[in-house]
Chemist: 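Sending over a structure as structure tokens; questions will come in a sec.
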Amino acid sequence: MFARSAIRAAHPLKRNLLSRSYATEPAKGGSSNTLLYGLGAVGVAGAGYYFLAGSSKVDSAAAKAKEAVSGPPKKAFTGGDQGFISLLLKDVQIINHNTKKFIFELPEADQVSGMTVASALLTKYQNEGQKPVLRPYTPTSDEDTKGLIELIVKKYPNGPMSTHLHDMVPGQRLDFKGPLPKYQWTPNKHEHIALVAGGTGITPMYQLARTIFKNPEDKTKVTLIFGNVSEEDILLKKEFEHLENTYPQRFRAFYVLDNPPKEWVGAKGYITKDLLKTVLPEPKSENIKVFVCGPPGLYKAISGTKVSPTDQGELSGILKELGYSKDQVYKF
């Protein structure tokens, strides 16, 4: 979707509904925000926030008490020289026409994955007489989940690992290694972060957002801009809607579709400079971070590409044009 050199203009946005303060402040007055984020009754959402925040504190205290007695849970992946671990595929669930969820069992039922935030796992398979195929994926399951990990994988044409995964059936095995550390997150590391994603580039963004909002001590604000081809391609939308309804003052999501349905009221086309200028925290703001993840065309248009997993490369594209510095941007 983002591979074309020219970025098509997004659907015109109404300035009286969408201002830069939208990304950092609660809505003021009685104006309607239906076009942009379609929240339900704010009073109900606010009640949900306080209820769930209280529940999170209780659950967190109970977990800490249990850990103090029994010790921390065992980790399946410890990194370093551990090498690859073979995991059994337990279940496969179809999400849409080209995307599936894969549920793999960890070696022991009482183990957690050992994933850090943000991090990924390296997958590997090898046909006889051929070189191994390696591909990193970010699990969508919670880091505290015991006994399993979940991957959401879109099948790409000529994508050897995604094709192999989509051909797998329960009972088969795949090799994993990790965690592969990405951006180390600590509570309140930044006052406000923005997540600019396309396609399956949403998975590390979800890992980061989920971690922030499940921690009652983390008050970070989060703005998501997520581009896709069609509405059915929007992965994890229910999970993000839950965050949006539960934390309306801290999480806002903007969806951009290249091929929207007739009834679509969000932005159309590609993620544009005008949209990002309007919804992102200002580059002159203190302690912000913009994360980018998606297909090569998105990187080229938004931030420039990475040189390697350890070299972020120079900042270019729309974010540089808007005045952001290299230190304010992280490319997954």
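We number each residue from 1, following the sequence as shown. For clarity, every value in this text was computed on a predicted model and none was experimentally measured.
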Chemist: Would you check if the distance from the ring center of Phe332 to the ring center of Phe291 is below 6.0 Å?
Modeler: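 Yes, the ring centres sit under 6.0 Å apart.
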Chemist: Is there a donor-acceptor contact under 3.5 Å linking the side chains of Tyr206 and Thr138?
Modeler: no
Chemist: Just wondering, do Val92 and Val169 contact through their side chains at under 4.5 Å, heavy atoms?
Modeler: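 Val169 vs Val92: side chains apart.
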Chemist: Has the side chain of Trp185 got a donor or acceptor atom that lies under 3.5 Å from a matching backbone atom of Asn188?
Modeler: no
Chemist: Are the side chains of Ile271 and Ile302 in touch, meaning some heavy atoms are under 4.5 Å apart?
Modeler: yes
Chemist: Tell me whether Leu235 is reachable from Leu151 by hopping between hydrophobic residues (I, L, V, M, F, W, Y) whose side-chain heavy atoms are closer than 4.5 Å.
Modeler: no
Chemist: Might you work through the salt bridge (Lys or Arg N to Asp or Glu O under 4.0 Å) test for Asp144 and Lys214, ending with a clear yes or no?
Modeler: CA-CA 11 Å; Asp144 295 330; Lys214 80 173 185 179; 3.1 Å; yes
Chemist: Is there a side-chain contact between Ile152 and Leu236, using heavy atoms and a 4.5 Å cut-off?
Modeler: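 SC-SC contact between Ile152 and Leu236 confirmed.
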Chemist: What about Phe84 and Phe176, are their ring centers closer than 6.0 Å?
Modeler: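 So the answer is no for these two rings.
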Chemist: Is it true that Thr223 and His192 share a donor-acceptor pair across their side chains at a distance under 3.5 Å?
Modeler: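 Side chains of His192 and Thr223: pair found under 3.5 Å.
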Chemist: When you look at CD of Glu191, are more than 12 heavy atoms from neighbouring residues, nucleotides or ligands closer to it than 6.0 Å?
Modeler: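 At most 12 heavy atoms, drawn from other residues, nucleotides or ligands, come within 6.0 Å of this atom.
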Chemist: Out of curiosity, does Leu195 fall in the hydrophobic cluster containing Tyr137 (side-chain heavy atoms, cut-off under 4.5 Å, transitive links)?
Modeler: no
Chemist: Could you check Asn96, Ile95, Ile94 and say which one makes a side chain to side chain contact (heavy atoms under 4.5 Å, CB included) with Asn98?
Modeler: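 The passing option is Asn96.
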Chemist: Please give me the minimum heavy-atom distance between Pro179 and Met115, naming the atom from each residue.
Modeler: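 Shortest heavy-atom contact: CB-SD, 4.0 Å.
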Chemist: Do Ser325 and Asp327 get their side chains close enough for a donor-acceptor pair, meaning under 3.5 Å?
Modeler: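 Judged by distance alone, the side chains do not pair up.
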Chemist: Checking Lys221 against Phe251: charged group under 6.0 Å from the ring centre and within 45 degrees of the axis?
Modeler: no
Chemist: Nearest 0.5 angstrom please: Leu148 CG to Ile103 CD1, how far?
Modeler: 6.5 Å
Chemist: Give me the atom names and distance for the closest heavy-atom approach of Lys90 to Pro170.
Modeler: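 Reported closest heavy-atom pair: O-CB, 3.6 Å.
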Chemist: Is any side-chain heavy atom of Asp91 less than 4.5 Å from a side-chain heavy atom of Phe104?
Modeler: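 They are not in side-chain contact.
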Chemist: Between Gly323 and Pro283, which heavy-atom pair has the shortest distance, and what is it?
Modeler: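 In terms of heavy atoms, the two residues are closest at O-CB, 3.5 Å.
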Chemist: Is the closest side-chain heavy-atom distance between Val290 and Gln328 below 4.5 Å?
Modeler: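 No - every pair of side-chain heavy atoms lies 4.5 Å or more apart.
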Chemist: Membership question, hydrophobic clusters at under 4.5 Å side-chain separation (ILVMFWY): are Leu322 and Leu298 in the same one?
Modeler: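 Same cluster: Leu298 reaches Leu322 through Ile, Leu, Val, Met, Phe, Trp or Tyr contacts under 4.5 Å.
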Chemist: Taking Ile85 as the starting point, is it possible to reach Phe102 by hopping between hydrophobic residues whose side chains are less than 4.5 Å apart?
Modeler: yes
Chemist: Considering all heavy atoms of both residues, which atom of Leu87 and which atom of Leu106 are nearest to each other, and what is their separation?
Modeler: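 Minimum heavy-atom separation between Leu87 and Leu106: CD2-CA, 4.1 Å.
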Chemist: Is the cationic atom of Lys189 (NZ for Lys, CZ for Arg) positioned less than 6.0 Å from the six-membered ring centroid of Tyr183 and within 45 degrees of its normal?
Modeler: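 Yes.
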Chemist: Hydrogens and angles aside, do Thr145 and Asp142 bring a side-chain donor and acceptor to less than 3.5 Å of each other?
Modeler: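 No pair is found: no donor N or O on one side chain lies under 3.5 Å from an acceptor on the other.
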Chemist: Determine, stepwise, if the pair Arg252 / Glu244 fulfils salt bridge (Lys or Arg N to Asp or Glu O under 4.0 Å).
Modeler: CA-CA 6 Å; Arg252 306 243 171 116; Glu244 197 169 30; over 6 Å; no
Chemist: Where the side chain of Asp175 meets the backbone of Tyr125, is there a donor-acceptor pair that is under 3.5 Å apart?
Modeler: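 No, the answer is negative, given that no donor and acceptor are paired below the 3.5 Å cut-off.
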Chemist: If you apply the rule side-chain contact (heavy atoms from CB on, under 4.5 Å), what do you find for Tyr324 with Ile318, and how did you get there?
Modeler: CA-CA 9 Å; Tyr324 294 90; Ile318 292 175; over 6 Å; no
Chemist: Counting only heavy atoms from other residues, nucleotides and ligands, does the tally under 6.0 Å from NZ of Lys75 exceed 12?
Modeler: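 No, because the 6.0 Å sphere around NZ of Lys75 holds 12 heavy atoms or fewer from other groups.
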Chemist: Nearest 0.5 Å, please: how far is CG in Leu276 from CZ in Phe254?
Modeler: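 Spacing of CZ (Phe254) from CG (Leu276) equals 10.5 Å.
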Chemist: Give a yes or no on whether Lys237 atom NZ has more than 12 heavy-atom contacts from other residues, nucleotides or ligands under 6.0 Å away.
Modeler: yes
Chemist: From Asn287 CG over to Thr220 OG1, what is the distance, rounded to the nearest 0.5 angstrom?
Modeler: 8.5 Å
Chemist: Do Glu314 and Lys326 sit within salt-bridge range, that is, some charged N less than 4.0 Å from a carboxylate O?
Modeler: yes
Chemist: Locate the shortest heavy-atom distance separating Pro181 from Ser119; write the atom from each residue and the value.
Modeler: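 Residues Pro181 and Ser119, closest heavy atoms: CA-CB, 4.0 Å.
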Chemist: Any link between Ile225 and Leu243 through a network of hydrophobic side chains (Ile, Leu, Val, Met, Phe, Trp, Tyr) touching at under 4.5 Å?
Modeler: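 Yes, it is one cluster - the side chains of Ile225 and Leu243 are joined through contacts under 4.5 Å.
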Chemist: I would like to know whether Lys74 and Val112 meet side-chain contact (heavy atoms from CB on, under 4.5 Å); could you show each step before the answer?
Modeler: CA-CA 6 Å; Lys74 294 182 291 183; Val112 295; over 6 Å; no
Chemist: Between the side chain of Asp311 and the main-chain N/O of Ser308, is any donor-acceptor distance below 3.5 Å?
Modeler: no
Chemist: Tell me whether Arg135 contacts the main-chain N or O of Met161 through its side chain, where contact means a donor paired with an acceptor under 3.5 Å.
Modeler: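 A pair under 3.5 Å: no.
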Chemist: Working to the nearest 0.5 Å, report the span between CG of Leu122 and CZ of Phe77.
Modeler: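 It comes to 10.5 Å.
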Chemist: Under a 3.5 Å distance rule, please check whether Thr163 uses its side chain to pair with a backbone N or O of Pro160 as donor and acceptor.
Modeler: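 No.
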Chemist: Using the side-chain contact (heavy atoms from CB on, under 4.5 Å) rule, take Tyr330 and Val292 through it: C-alpha gap first, then chi angles, then the decisive distance, then the call.
Modeler: CA-CA 6 Å; Tyr330 183 86; Val292 183; over 6 Å; no
Chemist: Mind checking whether Phe226 and Val256 have side chains closer than 4.5 Å, heavy atoms only?
Modeler: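 Contact flag for Phe226/Val256 side chains = no.
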Chemist: Let me confirm one number: the CD-CD distance from Gln126 to Glu128, rounded to the nearest 0.5 Å.
Modeler: 9.5 Å
Chemist: Got a second to check how far Asn259's CG is from Glu232's CD, nearest 0.5 Å?
Modeler: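 Nearest 0.5 Å value for the CG-CD distance: 10.0 Å.
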Chemist: May I ask you to check whether His166 and Tyr156 place their ring centers less than 6.0 Å from one another?
Modeler: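 Between Tyr156 and His166, which both carry aromatic rings, the centre distance is not below 6.0 Å.
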Chemist: Under a 4.5 Å cut-off applied to non-hydrogen side-chain atoms, are Leu224 and Ile202 in contact?
Modeler: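 Sidechains of Ile202 and Leu224: in contact.
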Chemist: Strictly distance-based, threshold 3.5 Å: is any side-chain N or O of Thr246 a donor or acceptor partner for the main-chain N or O of His242?
Modeler: yes
Chemist: When you measure from the centre of the six-membered ring of Phe213, is the NZ or CZ of Arg210 closer than 6.0 Å and no more than 45° off the axis?
Modeler: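 No, Arg210 does not sit over the ring of Phe213.
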Chemist: Decide yes or no on side-chain contact (heavy atoms from CB on, under 4.5 Å) for Leu208 and Val222, but give the supporting numbers first.
Modeler: CA-CA 10 Å; Leu208 184 53; Val222 181; over 6 Å; no
Chemist: Contact between Thr99 and Lys155 at the side-chain level, heavy atoms closer than 4.5 Å - yes or no?
Modeler: no
Chemist: For a quick test of reading the model, state the closest non-hydrogen atom pair linking Leu174 to Lys124 and the distance between them.
Modeler: CD1-O, 3.5 Å
Chemist: Any carboxylate oxygen within less than 4.0 angstrom of a Lys/Arg side-chain nitrogen, looking at Glu108 and Lys146?
Modeler: no
